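Report on the structure given below.
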Amino acid sequence: MTLSSIYANQPGTVSTPGGLHTPDSRQDGLAKTAASETLQEVTDQAKLSELAPRIRAVLDEIAGTENNVLDTLSGNIEKLQDGFIDTLYTTLAQENIDLSQKMTLRLDGNSVLTVAGQHPEKERVDSILAENPTLSTAFSEIASQSEVLRDIANINKVVTRHSGMEAYAATGNDKTASPVYQMSLKGEMSHFYFSRP
C-alpha cells in the first residue's frame with residue numbers, strides 16, 4: 001500500500017490529485033477570519049455598556065421614592081429575621097438545647113432547616129426543626145428576599161462602577177459554587193449571611 005492510498009482510504013478524507021490529502025489551509029484561514037469578524041460584530045452589537053442606561057432606569061425605578069422595592073425588601077427581611085429569631089430561641093429553650101455552643105443553620109435539599117456542620121446536639125436540634133416547619137418556611141423566605149436584595153445590589157455595582165463586558169465578567173469570576181444562605185448563633189448573638197458551601 002502506498003502512502004497516497006493510506007491517506008485516501010482514511011475515513012472522512014477526500015483524495016486530492018497527486019495522492020496525498022492536504023487540507024486547504026487557505027480556505028480554513030478564510031473561514032476562521034470570517035468567524036472572527038462575525039464574533040467581533042456580535043460582540044460590538046451586544047455590549048453591556050449599550051444596555052447600561054436601560055438597566056440603570058429599571059434600577060432607578062426599583063429604588064424610586066414611591067413603593068421603593070429595596071426598602072420593602074429590607075423591611076421584610078428585618079421583620080422576618082426578628083420573628084424567626086424569637087421563635088427559634090423560644091423553641092430551642094423549651095427543649096433545653098444548650099445555646100452556648102455555636103450552631104449554624106441552613107436549608108437542606110428538601111428545604112428543611114437543619115444544623116450545618118458539627119454540633120453536640122445536632123440530631124436533637126434537627127428533629128426539633130423538622131417538627132416546626134414554620135421555621136423552615138420563614139427561613140426560606142428570608143433567604144429568598146435576601147438573595148433578591150443582594151442580586152439587585154450586585155447588578156447596581158456592575159452598572160455604576162464599570163462599563164463593558166470585561167467588568168461584568170470580573171464581578172462574577174468564581175461561579176464554582178452558589179452561595180448558601182445560613183444563620184449562625186451562639187448564646188444571645190446571631191447573624192444571617194451568605195456562605196460558600
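Since we're looking at a predicted model, the values are computed, not measured.
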Checking side-chain contact (heavy atoms from CB on, under 4.5 Å) for the pair Ile155/Ile55: CA distance, chi angles, key distance, verdict? CA-CA 9 Å; Ile155 292 168; Ile55 295 170; 3.8 Å; yes

Say whether, by atom type as modelled, one donor and one acceptor occur between the side chain of Thr43 and the main chain of Leu39 under 3.5 angstrom. yes

To check you understand the geometry: which heavy-atom pair defines the closest contact between [X] and [Y], and what is its length?
X: Ser74; Y: Leu149; value: OG-CD2, 3.7 Å
X: Phe194; Y: Ala143; value: CZ-O, 4.3 Å
X: Met103; Y: Ile97; value: CE-CG2, 4.1 Å
X: Ser100; Y: Asp98; value: OG-OD1, 2.7 Å
X: Gln101; Y: Lys186; value: C-CG, 4.2 Å

Does some side-chain heavy atom of [Y] sit less than 4.5 Å from a side-chain heavy atom of [X]?
X: Gln94; Y: Ile128; answer: no
X: Phe192; Y: Gln182; answer: no
X: Ile77; Y: Gln81; answer: yes
X: Leu73; Y: Ile152; answer: yes
X: Thr72; Y: Asn68; answer: no

If you round to the nearest 0.5 Å, how far is [atom2] of [Y] from [atom1] of [X]?
X: Thr104; Y: Lys122; atom1: OG1; atom2: NZ; value: 10.5 Å
X: Ser136; Y: Phe84; atom1: OG; atom2: CZ; value: 8.0 Å
X: Met183; Y: Ser195; atom1: CE; atom2: OG; value: 14.5 Å
X: Leu113; Y: Asp108; atom1: CG; atom2: CG; value: 8.5 Å
X: Leu92; Y: Leu135; atom1: CG; atom2: CG; value: 8.0 Å
X: Lys102; Y: Met189; atom1: NZ; atom2: CE; value: 10.5 Å

Should [X] and [Y] be counted in the same cluster of Ile, Leu, Val, Met, Phe, Trp and Tyr side chains packed under 4.5 Å apart?
X: Tyr89; Y: Leu129; value: yes
X: Val58; Y: Val158; value: yes
X: Tyr193; Y: Leu185; value: no

Could you give me the CA-CA distance, side-chain angles and deciding distance for Leu88 and Leu105, then say whether side-chain contact (heavy atoms from CB on, under 4.5 Å) is met? CA-CA 11 Å; Leu88 177 68; Leu105 305 177; 3.7 Å; yes

Just wondering, more than 12 heavy atoms not from Lys79 lying within 6.0 Å of its NZ? no

Taking Ile142 as the fixed residue, which of Asn76, Thr137, Leu80 is the one that meets the side chain to side chain contact (heavy atoms under 4.5 Å, CB included) rule? Leu80

